[in-house]
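Here is the structure we will look at.
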There are 2 protein chains.
Amino acid sequence: MSVADPARMTCPPPRPEPGTVLLGHGSGGQLSADLLHDVILPAFGPAGAVPEDAALLSVDGAHLALSTDAYVVNPLFFPGGDIGTLAVHGTINDLAMMGATPVALALAFVIEEGVPVADLSRICTSAATAAEAAGTRIVTGDTKVVGRGAADGLFVTTTGVGRRLPGAAVSAAAARPGDVVLLSGPIAAHGTAIIGAREALGFDSAIVSDTRALHRLVVAMIATAGPAVHTMRDPTRGGVASALNEIAVASRVGVEIDEVTLPVPGPVAAACDLLGLDPLHVAGEGCLAAIVTADAADGLLAAMRSTVEGQHTVAVGRVVPEHPGRVVLRTVVGGRRIVDPLVGEQLPRIC
Amino acid sequence: MSVADPARMTCPPPRPEPGTVLLGHGSGGQLSADLLHDVILPAFGPAGAVPEDAALLSVDGAHLALSTDAYVVNPLFFPGGDIGTLAVHGTINDLAMMGATPVALALAFVIEEGVPVADLSRICTSAATAAEAAGTRIVTGDTKVVGRGAADGLFVTTTGVGRRLPGAAVSAAAARPGDVVLLSGPIAAHGTAIIGAREALGFDSAIVSDTRALHRLVVAMIATAGPAVHTMRDPTRGGVASALNEIAVASRVGVEIDEVTLPVPGPVAAACDLLGLDPLHVAGEGCLAAIVTADAADGLLAAMRSTVEGQHTVAVGRVVPEHPGRVVLRTVVGGRRIVDPLVGEQLPRIC
């Protein structure tokens, strides 16, 4: 190999220092799972705990759920919403994925000195409006300000307290062979909209974030089928691929999905193609994947389609006893490929 | 005035852009109150809401409190604790100030790429240990990672769900003329320890943060005097001055405190003197100010002194009908001066 070999002349990517936190640790994919299992759960969790979207609590007879999420999306304002709407919807959805409806939200800001007060005000209004539309309220909060360069704009952490729906018994560990995989709507819109806004790529303006609250859809699902809804997960960071892999691992089952059934809107598919992204790895913020018993699937499909949030629900696959812990895609041409969870970081700061 | 006048040769301080968020908006003092009243509460709150340390909720018969706080302390590790201990104690204390004991905590990290995993692990362990010592648990969490330069190290937002103590009826708006002001221990230790650690000022090593959980002290207080405890507030950002001013404003009363009774440890007083700080404006993280009826004051003083956290409790003043909304200090030499809330920012990122 000559010294002029072009492959040797390009700079290697910066090598991460060993033992430091990497961007990929926040991806929602495999590195996130590693950090959770190697560092965070050993400190906090009972050994072998299944990571769920929200914790369940019972206090004086009240059956509650608690969930927290930090939002660092960049840019703060994007087609279809802003960090305020996203922070409210995302936390409501984490409660909903555990079968709970929101009772109250708490919002904590970390703001970089120099952020326009008008931006903060707009974000507060967005968050309050999103909460009200979802039938809940932001009841408490906190504001910290750090110097210029000590944060990038504004971060929000939203915590939600929810009331568990009677009849809900969902868990990432509850998927069983024979179950059907339902997807409540198009995937990958949020991540594509963010990367488009950030890079000013001038995508088709039809790509807007799908950020929305899903708890009313969940109420309809639990009312229809109760404990026949085994698992729900909203495919945010890491996309459908990571969500289904988490379920496959936690439930020790295989998951098979059919590429032909996957609802990827045309402009989103085109944008992902352009960017070299697999839509299965790109976040949505307004759809959910549900693993339900085969008996209940038709009734649930009808019930979900009767809601605004779930009108585009489709069945995309099934749970199988083979290849536990793995997700397999049956391709359009009839082939099969393993769908890995996202490894590393694809689109930092999409939520 | 000649052009060589040295006063003209020094650079003026950077002038804040109008309409932007300033460091002082995170101080816990007057600018924080302005931002809250002008921007945040109009979006979220019912008009005229009293800002309390925690929101009260009733869900299916359970009487709960909810509080959230973002922690951005710099450095992450300091004498007496780290951001993990602080984030647990601070949120437990916000619940306690509303008469509630912690049921569960949620923790959300925003981490700058490159933070050592060992630091994150140590902080998780500190937080888990602090929670366990306080009889509660961190039940859920989230981790986001941002690129280098997009955050300064690591931020934590802690949210607490608490159970309200029967008999507790505290509010910042409930102080009444004739009430007595109790202070559960020495003030200003945390802020002094942080600035000492940050600036490597080589203070007397006796100055360590007083970060601790106060809910057991509050349990003893409510068990002793119930609704005779009108108001509690922990003087964190903005110090005792801001805490008492908030109470004076919310309750529309005057507060008078006696300088001679104020518990400022010698090394803390010396350090504040050196730095030109008023200890009344410097944060503690392990004491509380309580406004209680005169009848109950002696019994409470005894009950508080019988606890570990409250063993140094003193009476420092009283509530008066004069000068509503103002705090007045009777000085050692018999003079009187108005104690303003902190204006602007004195010690950024102390919590």
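Here the structure is a predicted model, which means the values were calculated and not measured. Residue numbering restarts at 1 for every chain, and letters A, B, ... go by the order of the sequence lines.
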With a 4.5 angstrom heavy-atom cut-off, could you sort out which part of Leu57(A) is near chain B: side chain, backbone, both or neither?
-> side chain
Can you tell which part of [X] gets under 4.5 Å to a heavy atom of chain A, answering side chain, backbone, both or neither?
| X | value |
| --- | --- |
| Val161(B) | side chain |
| Leu35(B) | side chain |
| Val110(B) | side chain |
| Val146(B) | both |
| Leu66(B) | both |
| Pro348(B) | neither |
| Ile111(B) | side chain |

How far does OG1 of Thr159(A) sit from CG of Asp142(B), to the nearest 0.5 angstrom?
-> 9.5 Å
Find the distance between CG (Leu64(A)) and CG (Asp60(B)) and round it off to the nearest 0.5 Å.
-> 7.5 Å
Would you verify whether the NZ or CZ of Lys144(A) falls within 45 degrees of the ring axis of Tyr71(B) while also being under 6.0 Å from that six-membered ring's centre?
-> yes
Would you say Thr157(A) and Phe155(B) make side-chain contact, with heavy atoms under 4.5 Å?
-> no
